[in-house]
Protein chains: 2
Amino acid sequence: METRLAPAPCPGPVAEGPPSRKRQQVIQAAAELFIAQGYGAVSMDAVARAAGVSKATLYAHFTSKDALFATIVGEAARQGPVEAAQMPAQVENVEAALRALGGKLLRFLLEPRTVAIARVAIAESARFPELGAAFLASGPMAFQTQVAIWLGRLHAQGAIHAPDADLAAQHLGALLRGTLHIEALLTPGFAPDEARIEAAVQGAVGAFLRAYAPQ
Amino acid sequence: METRLAPAPCPGPVAEGPPSRKRQQVIQAAAELFIAQGYGAVSMDAVARAAGVSKATLYAHFTSKDALFATIVGEAARQGPVEAAQMPAQVENVEAALRALGGKLLRFLLEPRTVAIARVAIAESARFPELGAAFLASGPMAFQTQVAIWLGRLHAQGAIHAPDADLAAQHLGALLRGTLHIEALLTPGFAPDEARIEAAVQGAVGAFLRAYAPQ
DNA sequence: GTCTATAGGCCGATAGAC
DNA sequence: GTCTATCGGCCTATAGAC
């Protein structure tokens with residue numbers, strides 16, 4: 001539900017193994033490898049080598065390659081896209097606020113790391129269903145829920161006309177993603193220039209405001 | 001590497017090797033396996049077994065697993081989503097026409113086979129860049145180009161107001177996809193009920209028409 | 001062209017010393 | 001906890017008979 005509003009209330013270790021130094025090395029190295037190359041292309045040997053530990057140490061901390069992968073991607077998905085500060089309760093200029101939010105979202109979605117994580121999550125969601133669900137819930141859905149609340153507030157203020165705030169949030173997100181998102185997912189090294197991003201944001205916000213203008 | 005760029009005009013041998021019976025068996029079996037399970041999870045043994053041939057025969061027709069995979073997915077991507085017949089030159093009821101088109105597109109995008117192909121293409125686009133590009137060009141982009149032409153015609157007729165038909169087509173597609181597409185990609189076995197699909201189409205077309213109404 | 005049989009290598013996971 | 005060394009298996013790809 002909430003992305004990154006407050007630090008976790010329970011700071012203790014959660015699942016398996018203490019947060020030792022080698023364990024952190026493993027997690028960081030594995031994250032880089034899995035995100036960059038995907039599940040199948042990364043061997044436990046490669047993880048061990050990159051982390052500077054032996055394979056036996058690897059298996060002392062994670063019971064299997066699957067478990068390691070699930071841990072890595074699960075944590076990576078929990079990095080929320082936009083902070084709540086991006087959606088102020090009171091706005092004087094709706095268009096400017098939407099453009100700021102849209103620019104933040106779209107730029108986040110197109111970051112190479114974000115794209116790589118999404119690609120891995122989509123690729124392995126068939127093998128790890130709970131992983132796909134977790135990514136969906138803590139990523140796109142969490143963001144959309146926040147936006148829906150915000151748009152509902154704007155509607156109550158009369159700044160926009162969106163009786164169904166959930167649908168409006170879905171439409172806003174969809175318009176912003178446009179085709180850039182799928183292009184990025186299918187094109188390794190995709191990096192649109194700033195002008196195209198800004199144009200996409202402007203076009204999306206324009207269409208959204210025409211569709212959801214007050215009266 | 002033997003990616004096919006242009007669709008074969010008619011029957012007849014295409015790339016390498018004659019279209020023998022065993023070859024067709026291999027292609028069909030490999031397509032099913034790759035689409036269902038992805039590149040890494042499918043072994044050449046499994047393909048040979050499913051096709052009812054030996055591995056040696058496999059390698060007699062395809063030089064490597066990579067080449068076989070590229071052939072399969074390249075052909076799968078070429079199955080266009082919507083025929084041009086779905087976009088008549090003259091429309092009396094714009095909303096009804098958009099709903100028909102949108103329903104067709106969304107239902108196609110959510111078909112299990114379509115989702116599986118998209119998932120595989122996204123998953124392996126890092127390893128096979130030309131594959132991602134081919135999928136993008138012959139899938140989403142081809143459809144969007146057709147829609148843009150159609151919307152441009154509607155604009156000229158005064159049925160809608162879309163001075164930038166390309167942008168309008170992008171927005172229409174985005175609104176239709178909404179969150180259903182990404183949900184399907186991340187959720188194995190995702191099957192939204194008809195009511196939800198119809199509601200999504202109706203909401204998307206409604207928003208599109210408000211944003212692109214003539215005056 | 002198609003088969004059987006196998007080469008040769010890399011992978012995930014473990015045993016046992018320290 | 002961490003290491004070195006290794007096992008058993010499955011993988012891609014090939015050799016040679018027919």
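Values reported hereafter were calculated over all heavy atoms of this structure, with side chains retained and with hydrogens, waters and symmetry mates removed. Please read all numbers here as calculations on a predicted model, not as lab measurements. Proteins get letters first, then strands, A, B, ... in listed order; numbering begins at 1 in each.
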**Prompt:** Quick one: does A/L151's side chain get under 4.5 Å of A/L154's, heavy atoms only?
**Reply:** yes

**Item:** Nucleotide nearest A/S64 when distance is taken to its side chain, options D/dT12, C/dA13, C/dT2
**Value:** C/dA13

**Asked** What's the shortest heavy-atom distance between A/L109 and A/V115, and which atoms?
**Response**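 Where A/L109 meets A/V115 most closely, the heavy atoms are O-CG2, 3.3 Å.
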
**Shortest non-hydrogen contact between A/F108 and A/T114, atoms and distance** =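 For A/F108 and A/T114, the tightest heavy-atom pair comes out as O-OG1, 2.8 Å.
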
How many whole angstroms separate atom [atom1] of [X] from atom [atom2] of [N]?
{"X": "B/R49", "N": "C/dT4", "atom1": "CZ", "atom2": "P", "result": "13 Å"}
{"X": "A/Y39", "N": "C/dC11", "atom1": "OH", "atom2": "P", "result": "13 Å"}
{"X": "A/K65", "N": "C/dC11", "atom1": "NZ", "atom2": "P", "result": "9 Å"}
{"X": "A/L33", "N": "C/dC11", "atom1": "CG", "atom2": "P", "result": "12 Å"}
{"X": "B/L58", "N": "C/dA5", "atom1": "CG", "atom2": "P", "result": "18 Å"}
{"X": "B/F69", "N": "D/dT12", "atom1": "CZ", "atom2": "P", "result": "13 Å"}
{"X": "B/Q24", "N": "C/dG1", "atom1": "CD", "atom2": "P", "result": "14 Å"}
{"X": "B/L68", "N": "D/dC11", "atom1": "CG", "atom2": "P", "result": "15 Å"}

What's touching nucleotides 3-5 of chain D from the protein side, N or O pairs under 3.5 Å?
unit_1: D/dC3; atom_1: OP1; unit_2: A/K22; atom_2: NZ; d: 3.3
unit_1: D/dC3; atom_1: OP2; unit_2: A/S54; atom_2: N; d: 2.9
unit_1: D/dC3; atom_1: OP2; unit_2: A/S54; atom_2: OG; d: 3.1
unit_1: D/dC3; atom_1: OP2; unit_2: A/T57; atom_2: OG1; d: 2.5

**Item:** B/H61 side-chain N/O to C/dT2 phosphate OP1/OP2 under 4.0 Å
**Value:** yes

**Phosphate OP1/OP2 of D/dA13: any B/Y59 side-chain N/O under 4.0 Å** =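 Result: yes.
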
**Request:** Classify the nucleic acid contact of A/V47 as base, sugar-phosphate or nothing, counting any heavy atom under 4.0 Å across all strands shown.
**Result:** nothing

**Message:** Show, in sequence, the C-alpha distance, side-chain angles and deciding distance for A/E124 and B/R119, and conclude whether the salt bridge (charged side-chain N to carboxylate O under 4.0 Å, His left out) test is met.
**Reply:** CA-CA 9 Å; A/E124 302 301 331; B/R119 194 177 289 154; over 6 Å; no

**Fill in**
d(B/K22 NZ, B/H61 NE2) to nearest 0.5 Å is 9.0 Å

**Prompt:** When rounded to the nearest 0.5 angstrom, what distance separates CD in B/E183 from CG in B/L185?
**Reply:**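 Atom-to-atom, B/E183:CD and B/L185:CG are 10.5 Å apart.
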
**Prompt:** Which word best sums up how the rings of B/F128 and B/F69 line up, parallel for under 30°, tilted for 30 to 60°, or perpendicular for over 60°?
**Reply:**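 Plane angle between 30° and 60°, so tilted.
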
